Structure formats: C-alpha cells, structure tokens
Amino acid sequence: MQKQRALLIIKPDGVQRGLIGKIISRFEQVGLTIIGLKFMWATREQITAHYPETDAWFKKVGERTLTNYAKKSLDAKKVFNTDDPVMIGKTVKSWLVNYMQESPLFFAVVESYDVIEIVRKLSGNTIPLLAAPGTIRGDFSHDTIDLANEQSRPLRNIIHASDTVEDGEKEVNLWFKPEELFAYSRADEKFMF
Ligand code: ATP
Ligand code: MG
C-alpha cells in the first residue's frame, strides 16, 4: 500500500477564531504525519485555481443548495435568479474567492495510508448543521446553506480537506514547493498499525 497526501486549509473563520492549534492537533492525534506547514495570504488567482472549474463541480455545489432549498420549500431563484445548479455553483465559487481572502490561511500537508478518507472523516459534513459532533465542522461551526446563501456567502465551515487522491496531489503542488515538504516517519508509526 502507498501513502497518500492531503492538503488541509484552515479557512478564515478558523484562523480568526484562534482554532489553528486545536484543529491541527486533531490530525496529529490520530497519527497522521505533518510534512508541510504554511501561513499566508492567498491571492484571487490561487483561490480560483484551487477550487475546480468544471461543470461537474459547479453542479455538485449548486445541487447542495437545491437539495436543501427543496427540503425547506425555498425558491433558489429568489437568491440566485436561476435554478440551474451549474450557475449556482459558479456564484458560490465567486463568494469563496472573497471568503478565502478575509484573513491569512493556515495550510498543512498530511501524509498517511488512506489519508483522504481520514481527513474527510475528521472534517465532517460540508454543511456544518449536518456535521456530526466529534468532527471539526460539527464541533466548531453550525452554519446552514439557507443562511449562507441568503447572506450571499459560502458556508463558513472552518476547514478545507482534499477530497480525492488526485485532488490531494494537485492541491499540494499548487500551494507547496517540493522543498517545502519534509518526508519522514513518526517515531510512533510502528506502534500504530
Ligand atoms: P472543501 O473543498 O472546502 O473541503 P467540501 O469538499 O466539503 O469542502 P465542496 O463541494 O468542495 O465541499 O465546496 C467547497 C466549499 O464551498 C465548501 O467547503 C463550502 O465552504 C462552500 N460551499 C459548497 N457548496 C455550497 C453551497 N451550496 N452554498 C454555500 N457554500 C457552499
Ligand atoms: Mg471540496
């Protein structure tokens, strides 16, 4: 089996609330190896490149709104002037660019076996209202789709975590130079598996 790498970003709400240490310790305590860390302001161009630009991603994001609106009998057209999920996804991406420039971002690259599944599990559901207690989003946030969309902003959900092995590689390469990553084994690794 091969180790994988995932990118974590503590988003501006996590940074502004002073949660960097608490959040990073959750990844350390399950035994993931931190191989890179960085704190910096991101540019519009970097954020635009970070979030996908495909219709499939826009559609997934837009459908998150539509599913939630249907449950609450709300009309997406009132906020977005459309009920096309791709168009809604594009609007959310434009909001993300502003949100991610509210403060410096804290970046971490973590490495382990099945690391993608692990970082997604620890992060919890994208929608904080639905994120289980014990997860980062469930424990530190409670935002909802309808409140966020009504206020023309993305969900404030504390953390970004890569969601596929391929995205993990792409995102790590986007934010880190090879010389900023430090491969090594944790002293406790042999007791973990
Ligand atoms: P991330 O990529 O940040 O780890 P994710 O993979 O769980 O989150 P994505 O579908 O990639 O979710 O969406 C990226 C981010 O965009 C979300 O974390 C959230 O902040 C915001 N977002 C996604 N869908 C919506 C939506 N319908 N309305 C408002 N914000 C949204
Ligand atoms: Mg994602």
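Indexing begins at 1, ligand by ligand and atom by atom, following the structure's order. This one's a predicted model, so the numbers in the text were calculated from it and none came from an experiment.
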Side-chain donor/acceptor of [X] to backbone N/O of [Y], under 3.5 Å:
X: Glu28; Y: Thr33; result: no
X: Arg137; Y: Ile159; result: yes
X: Lys93; Y: Tyr51; result: yes

**Item:** Any residue meeting ring pair (Phe, Tyr, Trp, His ring centres under 6.0 Å) with Tyr99, in chain and number order, not counting sequence neighbours
**Value:**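 Tyr99: no ring pair (Phe, Tyr, Trp, His ring centres under 6.0 Å) contacts found.
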
**Set of residues satisfying ring pair (Phe, Tyr, Trp, His ring centres under 6.0 Å) with respect to His160, sequence neighbours excluded** =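 So His160 forms a ring pair (Phe, Tyr, Trp, His ring centres under 6.0 Å) with His50.
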
**Request:** Anything with a heavy atom under 4.0 Å from ligand 1 counts, so go ahead and list those protein residues by chain and number.
**Result:**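 Its neighbours under 4.0 Å (heavy atoms only) are Lys11, Tyr51, Trp57, Lys60, Val61, Arg64, Thr65, Val92, Leu96, Arg120, Thr126, Arg137, Ile145, Asn149, Pro154, Leu155, Asn157, His160, Ala161, Asp163, given by chain and number.
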
Would you tabulate the side-chain donor-acceptor contacts of residues 78-86 under 3.5 Å, counting partners in other chains and residues two or more places apart, or write 'none'?
| unit_1 | atom_1 | unit_2 | atom_2 | d |
| --- | --- | --- | --- | --- |
| Thr82 | OG1 | Asp84 | N | 2.9 |
| Asp84 | OD1 | Val86 | N | 3.0 |

